[in-house]
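Just below is one structure, and these are the notes that go with it.
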Amino acid sequence: MTHTDSRTMRRVLHREIAGTIGLLTDEHDFRAMRRYRSFTFDDHAAYLKHVEGLLRTRALQGSHTAVALFDPEEYAEFCTQKGLDPDNPSSRTRFTARLAVTGPTLPYEGQPLSDLLPALVDEAVRQATWEYATTLLARLGACTSCGEDIGRAAFTRASDLLVRILDTAPSGNRHLVCSVTGPPETLVAALHVADTGGPVELDETEALEFATVLALGLATESPGGLVIRASAQGSPDRVYGWRLRAYGLEPLTAGEVFDAYCTDVESGDLISPESNVDYCEPPDLGEEKPAQGHHH
């Protein structure tokens, strides 16, 4: 009887242990891991099928599982730094445990792996974008004229602009995209704001990432833009935006917004405009006083 009770208690405790699975999302990363003899899978599709089966089994048992992006290059560096044998399952376990703390993860909630994979990649891109933009802002240092921290001032300015944009936006669900062009690539951040019928509720992580990318564009005076799409039931979507200019935002005309949305980026060909969408000029942000922040 005591032995049975012990096994029962262990099963209960097992359900309360949260786990993380490091996932090889694409064929390239999968092939990189095949150089290790202890990694016994030889087909990426079969590997994904087994992972999905394991996730479903754990979910049926009542266990919570997070899925992380497993990068073979980062894994190799981790093993070198820690003096671990990369061709050992325990080393992969230790690396995955670190991913649970430092890397982007998503909870498995019964969704198909085909839906989870792109969401996980998007999450990784978001985190990498924020980390890169934060690093570049920090490198700007202090202004040689006044000693002010340029990155911090730009972030304050970007946060103020974001508040003004949301305060003047029409009601409904709002989707904002900010893009900043610069070497070596264009950085893009998105912010989703749901209409709850009450005060604006922001996802703190999304808002931080968005303000950081906008701040980088303002501080470096890089080419870029910010567009917002407001969707309310019973009325056309409203789309408008600004270009980044002189440590601030310069409104786009309705024609410029239309051209941006109705032109293929790669070919330059015209695209048919969406139905039930108004391409319009942005509202006045109400900035009567000088722009806040560092703007020598």
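- In this structure, a donor-acceptor pair under 3.5 Å is absent between the side chains of Ser91 and Asp85.
- Between Asp87 and Ser38, the shortest heavy-atom distance links the atoms OD1-OG, 2.6 Å.
- In this structure, CZ in Arg58 is found 11.5 Å from CG in Leu60, a value given to the nearest 0.5 Å.
- Residues Trp242 and Val193 fall within the same hydrophobic cluster, defined by Ile, Leu, Val, Met, Phe, Trp and Tyr side chains chained together at heavy-atom separations under 4.5 Å.
- Taking the six-membered ring where the residue is Trp, the centroids of Phe30 and Phe41 are separated by 6.0 Å or more.
- The closest side-chain heavy-atom distance from Thr96 to Ile21 is not below 4.5 Å.
- Aromatic ring pairs are classed by plane angle as parallel below 30°, tilted from 30° to 60° and perpendicular above 60°; the pair Phe78 and Phe95 is tilted.
- Under the 4.0 Å criterion applied to side-chain N and carboxylate O atoms, Arg126 and Asp122 are not assigned as salt-bridge partners.
- We find the NE2-CZ distance between His192 and Arg174 to be 13.5 Å, quoted to the nearest 0.5 Å.
- Counted by atom type alone, Gln81 and Glu77 present zero donor-acceptor pairs between their side chains at under 3.5 Å.
- Ring planes of Tyr47 and His44: parallel class, angle under 30° (limits at 30 and 60°).
- Using a 4.5 Å heavy-atom cutoff, the side chains of Val125 and Thr129 are in contact.
- A pairwise comparison of heavy atoms in Ala207 and Leu202 identifies CB-CD1, 4.1 Å as the closest pair.
- Within 6.0 Å of CD in Glu27 there are more than 12 heavy atoms belonging to other residues, nucleotides or ligands.
- Linking Ile, Leu, Val, Met, Phe, Trp and Tyr whenever their side-chain heavy atoms come within less than 4.5 Å leaves Leu244 and Val163 in two separate clusters.
- Side-chain N or O atoms of Arg35 include one that pairs as donor or acceptor with a backbone N or O of Ala32 at under 3.5 Å.
- Neither Leu136 nor Phe155 shares a network with the other; the hydrophobic side chains, linked directly or stepwise wherever heavy atoms of I, L, V, M, F, W or Y lie under 4.5 Å apart, form separate groups for each.
- Here the shortest heavy-atom pairing between Val213 and Ala189 reads CG2-CB, 3.8 Å.
- In this structure, Arg94 places its CZ atom where only 12 or fewer heavy-atom neighbours from other residues, nucleotides or ligands lie under 6.0 Å away.
- Only one option out of Asn276, Asn173, Asp237 pairs with Ser231 in a side chain to side chain donor-acceptor pair (under 3.5 Å); it is Asp237.
- Between the side chain of Tyr75 and the backbone N or O of Pro86 there is at least one donor-acceptor pair closer than 3.5 Å.
- Atoms OG1 and CG, on Thr253 and Asp259 in that order, are 7.5 Å from each other to the nearest 0.5 Å.
- Rounding to the nearest 0.5 Å gives a distance of 6.5 Å between CG of Leu117 and OG1 of Thr25.
- In this structure, Thr20 and Val67 have side chains that are not in contact, with every pair of non-hydrogen atoms separated by 4.5 Å or more.
- Arg238 contributes no side-chain N or O that, together with a main-chain N or O of Cys280, makes up a donor-acceptor pair within less than 3.5 Å.
- The local environment of CZ in Arg152 is sparse, with at most 12 non-hydrogen atoms from other residues, nucleotides or ligands closer than 6.0 Å.
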Legend entry - CA sep, side-chain torsions, deciding dist, call: Glu52, Lys49, salt bridge (charged side-chain N to carboxylate O under 4.0 Å, His left out): CA-CA 5 Å; Glu52 188 162 25; Lys49 185 176 181 180; over 6 Å; no
Legend entry - Evaluation steps, side chain to side chain contact (heavy atoms under 4.5 Å, CB included), between Leu218 and Leu161: CA-CA 11 Å; Leu218 296 174; Leu161 286 170; 3.9 Å; yes
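- The shortest non-hydrogen separation linking Thr105 to Ala66 is CB-CB, 4.2 Å.
- A distance of 11.0 Å separates CG in Leu214 from CG in Leu191, rounded to the nearest 0.5 Å.
- In this structure the side chain of Leu69 never reaches within 4.5 angstrom of the side chain of Asp29, judged on heavy atoms.
- Residue Ile165 is grouped with residue Phe210 when hydrophobic side chains (ILVMFWY) are merged at heavy-atom distances under 4.5 angstrom, including chains of intermediate members.
- Of all non-hydrogen atoms in Ala59 and Tyr108, the two that sit nearest each other are CB-CE2, 4.0 Å.
- Residues Tyr240 and Leu252 are not in side-chain contact: their nearest non-hydrogen atoms beyond the backbone lie 4.5 Å or more apart.
- Under a 3.5 Å cut-off, the side chain of Glu281 and the backbone N or O of Val257 do not form any donor-acceptor pair.
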Inset, instruction - Take Leu176 and Leu162 through the side chain to side chain contact (heavy atoms under 4.5 Å, CB included) test and state the conclusion after the steps. - result: CA-CA 10 Å; Leu176 292 78; Leu162 178 57; 3.9 Å; yes
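- Between Glu123 atom CD and Leu116 atom CG the span is 11.0 Å, to the nearest 0.5 Å.
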Inset, instruction - Applying side chain to side chain contact (heavy atoms under 4.5 Å, CB included), run through Leu54 and Val51 and close with a yes or a no. - result: CA-CA 5 Å; Leu54 176 60; Val51 170; 5.7 Å; no
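- Following chains of ILVMFWY side-chain contacts shorter than 4.5 Å, one cannot reach Tyr132 starting from Leu208, and the two form parts of different hydrophobic clusters.
- Taking the side chain as every heavy atom from C-beta outward, Pro72 and Tyr36 never approach each other to under 4.5 Å.
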Inset, instruction - Go through the steps to decide whether Val188 and Val177 satisfy the test side chain to side chain contact (heavy atoms under 4.5 Å, CB included), and finish with yes or no. - result: CA-CA 7 Å; Val188 180; Val177 176; 3.8 Å; yes
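- Taking each heavy atom of Phe39 and Met33 in turn, the nearest pair found is CB-O, 3.5 Å.
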